[in-house]
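In the text below, chain A, chain B and the rest are named by the order of the sequence lines, each starting its count at 1.
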Amino acid sequence: MPSNILVSVAWPYANSLIHVGNITGSYLPADIFARYQRLVGNNVLMVSGSDSHGTPVTVRADADGTTPLEVYSQFHTGFLELFQRLGLTYDLFTSTHTENHFKVSQSIFLALEKNGYLYTDKQQQWYSPTQGRFLPDRYIEGTCYVCGYANARGDQCDQCGTLLEATSLINPRSKMDGSTPELKETEHFYLDLGKLQPAIIDFLRQREDYWRSNVLRQSLGQILADELHGRAITRDLDWGIPVPIEGWDEKRLYVWIEAVIGYLSASIEWAQLNGQPQAWHDWWYDSQAKSFYFIGKDNIPFHAVIWPAQLIGAGDWFSKLFEELEGKQLNLPFYVPANEFMNLEGKKISGSRNWAVWGFDFLSRYEPDTLRYYLTANMPESKDTDWDWQDFLNRNNNELVATWGNLVNRVLSFAYKHWDGQVPSPGELRPADLEILSTVETGFQTVGDYINSVNLRAGLNEAMRLAAEVNKYLDQSAPWFEVKTDKAAAATTIFTALKAIDSLKILLSPYLPFSSEQLHKFLGYTAPLFGEQFTETITDNLGEHDVLRYNPAAASGSWEPSRLPSGQKLREPAPLFRKLDDDIVASERSRLGQPDISQE
RNA sequence: GGCGAGGUAGCUCAGUCGGCAGAGCAGAGGACUCAUAAGCCUUGUGUCGCGGGUUCAAGUCCCGCCCUCGCCA
């Protein structure tokens, strides 16, 4: 009776590099959760991809004198490598720029249309006569109509901070060529959120008792205070997904409606790549399946309101249009455990000012588990948190290395030295031995419950507390005395300690997969705990796209207490983690805000 | 401007139904030595953002205000 668990992870925008705030906000919690669910034996499907359309990508392409496709491909490739190195085990990390995603998105659009949730309306938009095209708000500069600042952006004034109505800018000019745009009427499709409002309220009310209050209030509270109104879902652009209506093929789907559809399209692509094109039904049509959406707080309305609205609005028309199946309803989100934000040294992370710790840059000097540990211990689950380099050093040296790394090292090296590189044979276990094993084994329940309810920090704390318990046990048993007077007693102690760290290895493995895998080998196991990540190039009618995948076939780990056999041959141990030097605090701080080396 | 989250020990953060303010780290002291000078034992620490109110009792509930952050307009 394994459950089908869909792990949906925020889609990074393919126009900037990934920093630690992005990682702790959604990618890392999703991976911890997914690894745990796989260890428990559930059927996990973890999907995401690059959000490749939208104006930030075209703006960047125009600025760099290249094409949106080039910009997207370059960042996308970087994401695949970073995620692989961080051990983020996506079953599929793909892209929105695929033939499959185009088709799925257009099917959702048409299903919404069939069910009467779309309407058209006209609006004014800046148009460039010199270029013969409409200009997105981000392509416009002008004088702020609030404070008079001459270089206000189309969507916001950098001087007074006001969010601006682009069509009201004074003396507008095109950022492309400085020419003066003119207002022109254009027609768009709108999603009728007002009509869907009662169903969305129902959806949220059904989840009221277990959703985080920040997520619930930001969605339900907002709706109750201020009705939902229709939103334009098409744009006058050429980069993106064509509107699938005759006469509209010059227009594109607005990214905000199309990107979230990626959870569905990536699931479908995953099934196709596995040669079982219907396999995704288990997560999307089985009413017992549960879907978890790992996102940052800035994305709450899109995942708790708009995406459910699309799914409800598409109704059973999606299955008819997409694969001629009758009467299938797509599953709605089960839980949206949105995280708050992580700041850096007391200030907001800012890519453009290089006030950031970049994923790649970090990995050039430190290990992925070091990052995973600090980001989890400091994860913004209930409020904004702060990345502080001194705190990073302290936690690495005083918690990860001292409590866990040292425990492993002292037990392994003692066993290796005194019992000829083998797990010793114990005598009958004494009360203290039984007690510590039972204490550690409670972790499979307590840590598991924390992870299952997406309280990841609490789960990590609990696992670390258990590691400290094993340190106490060792001090009380003092095998370094026993070994001199009663080697059989020492053998019992070390056997017990080895079993304890063998169990702790599993409890910590969702958080620290690399070092757990290494410990697993030190303990003499040959089959790996986890499966393998790999990349692949897929060709379709839109061209080629690279994907990151996960093959669980070789994984042998399971969420249950150690069954370490005595006599098992150990491998020569080495420290799992590196103690960091105090100097790094100053040198890391000096990098912050410096002209950027990593934003290419 | 509307909606929401947060403000608690030197630092990072918990705090459920209102019932003597907590953890980890840092700091101080101690016994030990298997281990990455790690681990173990002992130990100090508070204007719970500010001002009112309700209550026998408020970090917690109510009102007002200040600051930080997010979404929306």
Side-chain angles (χ1 to χ4, degrees), chain A residues 21 25 146 155-156 162-165 193 212-229 231 256 295-306 338-343 345-349 374-419 450 455 457-458 460-462 464-465 467-484 490 493-494 497 501 573-581:
Chain A
V146 175
D155 48 354
Q156 185 170 19
T162 312
L163 292 179
L164 301 173
E165 202 58 55
L193 287 166
R212 292 181 186 174
S213 68
N214 60 342
V215 178
L216 202 57
R217 299 243 175 77
Q218 190 59 37
S219 47
L220 186 58
Q222 184 85 40
I223 296 171
L224 295 179
D226 189 11
E227 308 273 295
L228 289 170
H229 43 269
R231 288 178 67 143
W256 64 259
I295 59 164
K297 66 173 164 181
D298 53 333
N299 259 323
I300 292 171
F302 289 105
H303 291 78
V305 177
I306 289 174
N339 276 345
E340 301 288 306
F341 281 1
M342 177 173 268
N343 296 314
E345 300 275 343
K347 285 193 266 181
K348 198 172 158 177
I349 293 179
Y374 184 62
L375 289 182
T376 308
N378 217 2
M379 192 169 271
E381 289 180 320
S382 59
K383 64 177 179 180
D384 289 358
T385 60
D386 193 46
W387 173 298
D388 179 282
W389 278 106
Q390 183 67 53
D391 188 46
F392 168 80
L393 177 91
N394 292 345
R395 281 187 181 273
N396 180 73
N397 289 359
N398 301 330
E399 297 177 20
L400 185 60
V401 173
T403 303
W404 173 232
N406 184 58
L407 170 64
V408 168
N409 196 228
R410 68 196 295 209
V411 173
L412 285 180
S413 50
F414 197 87
Y416 197 82
K417 185 162 73 181
H418 291 284
W419 284 275
Y450 280 130
N455 288 299
R457 285 173 66 136
L460 180 61
N461 282 340
E462 174 65 5
M464 291 297 285
R465 188 186 71 77
E469 291 293 331
V470 180
N471 273 319
K472 286 175 197 168
Y473 161 80
L474 279 177
D475 271 64
Q476 279 155 17
S477 305
W480 45 94
F481 286 137
E482 291 177 323
V483 79
K484 292 172 188 161
T493 300
I494 289 302
I501 64 171
L576 287 182
F577 309 104
R578 190 162 49 98
K579 194 166 175 180
L580 298 172
D581 195 275

Partners meeting side chain to side chain donor-acceptor pair (under 3.5 Å) with A:N378 (sequence neighbours left out): A:Y374

For the side chain of [X], starting at C-beta, report the closest nucleotide among [options].
X      : options             : answer
A:E399 : B:U36, B:C32, B:C25 : B:C25
A:S413 : B:C32, B:A35, B:C72 : B:A35
A:F341 : B:C69, B:C40, B:C32 : B:C69
A:D475 : B:A38, B:C34, B:C69 : B:C34
A:D386 : B:G39, B:U12, B:G70 : B:U12

Regarding [X], tell me which of base, sugar-phosphate or nothing describes its non-hydrogen contacts under 4.0 Å with the strands shown.
X      : value
A:S219 : nothing
A:L576 : base
A:P301 : sugar-phosphate
A:R457 : sugar-phosphate
A:A377 : nothing
A:F481 : sugar-phosphate

Set out, line by line, the N/O atom pairs under 3.5 Å between protein and nucleotides 3-8 of chain B.
{"residue": "B:A5", "atom": "OP1", "partner": "A:R217", "partner atom": "NH1", "Å": "2.2"}

Expressed as a whole number of Å, how far does the [atom1] atom of [N] sit from that of [M]?
N     : M     : atom1 : answer
B:G22 : B:C63 : C1'   : 29 Å
B:U8  : B:G51 : P     : 15 Å
B:U43 : B:U54 : C1'   : 40 Å
B:C67 : B:C50 : P     : 15 Å
B:A21 : B:G27 : P     : 28 Å
B:G39 : B:A28 : P     : 15 Å
B:G24 : B:C66 : P     : 38 Å
B:A26 : B:G44 : C1'   : 13 Å

Between [N] ([atom2]) and [X] ([atom1]): distance, integer Å:
X      : N     : atom1 : atom2 : value
A:F414 : B:A35 : CZ    : C1'   : 10 Å
A:W419 : B:C34 : CH2   : C1'   : 10 Å
A:N378 : B:C25 : CG    : C1'   : 12 Å
A:L393 : B:A38 : CG    : P     : 11 Å
A:N471 : B:A31 : CG    : P     : 21 Å
A:D388 : B:G10 : CG    : C1'   : 13 Å
A:K472 : B:C40 : NZ    : C1'   : 9 Å
A:M342 : B:C13 : CE    : P     : 8 Å

A:W480 ring over B:C34 six-membered base ring, under 5.5 Å and 30°: yes

Note: A:K383-A:E340 ion pair, threshold 4.0 Å (strictly below):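 Judged by the 4.0 Å cut-off on N to carboxylate O distance, A:K383 and A:E340 do not form a salt bridge.
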
Residues two or more places apart in sequence or in another chain: which of them pass salt bridge (charged side-chain N to carboxylate O under 4.0 Å, His left out) with [X]?
X      : answer
A:R410 : A:D475
A:E482 : A:R430
A:D298 : none
A:K417 : none

Which residues share a ring-ring contact (aromatic ring centres under 6.0 Å, His included) with A:F414, sequence neighbours left out: A:H418

Interatomic distance, [X] atom [atom1] to [Y] atom [atom2] [nearest 0.5 angstrom]:
X      : Y      : atom1 : atom2 : answer
A:I300 : A:I306 : CD1   : CD1   : 12.5 Å
A:K348 : A:F341 : NZ    : CZ    : 7.5 Å
A:R395 : A:M464 : CZ    : CE    : 9.5 Å

Side chain A:N409 and base B:A35 donor-acceptor under 3.5 Å: no

A:R212 side chain to A:N339 side chain, donor-acceptor N/O pair below 3.5 angstrom: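 Per modelled atom types, A:R212 and A:N339 side chains form a pair under 3.5 Å.
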
Of A:T385, A:L375, A:D386, the residue whose pairing with A:P380 passes side chain to side chain contact (heavy atoms under 4.5 Å, CB included):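 Passing option: A:T385.
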
Set of residues satisfying side chain to side chain contact (heavy atoms under 4.5 Å, CB included) with respect to [X], sequence neighbours excluded:
X      : result
A:A415 : A:I494, A:L498, A:L570
A:L216 : A:E208, A:W211
A:T376 : A:L28, A:I32, A:M379, A:L456, A:L460, A:Y511

Canonical and wobble pairing (Watson-Crick, G-U, under 3.5 Å) of RNA chain B, dot-bracket with |: (((((((..((((.....[..)))).((((.........)))).....(((((..]....)))))))))))).

Please enumerate all protein N or O atoms sitting under 3.5 Å from an N or O of nucleotides 27-30 of chain B, with distances to 0.1 Å.
none

5' priority, RNA chain B, between A:D391 and A:N397 [closest heavy atom]: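 It is A:D391 whose nearest nucleotide is closer to the 5' end.
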
Comparing A:N299 and A:R395 on RNA chain B - which has the more 5′ nearest nucleotide: A:R395

Under 4.0 angstrom between A:N398 side-chain N/O and B:A26 OP1 or OP2: yes

For B:C48, glycosidic torsion class - syn if within 90° of 0, otherwise anti: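 This nucleotide is in anti.
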
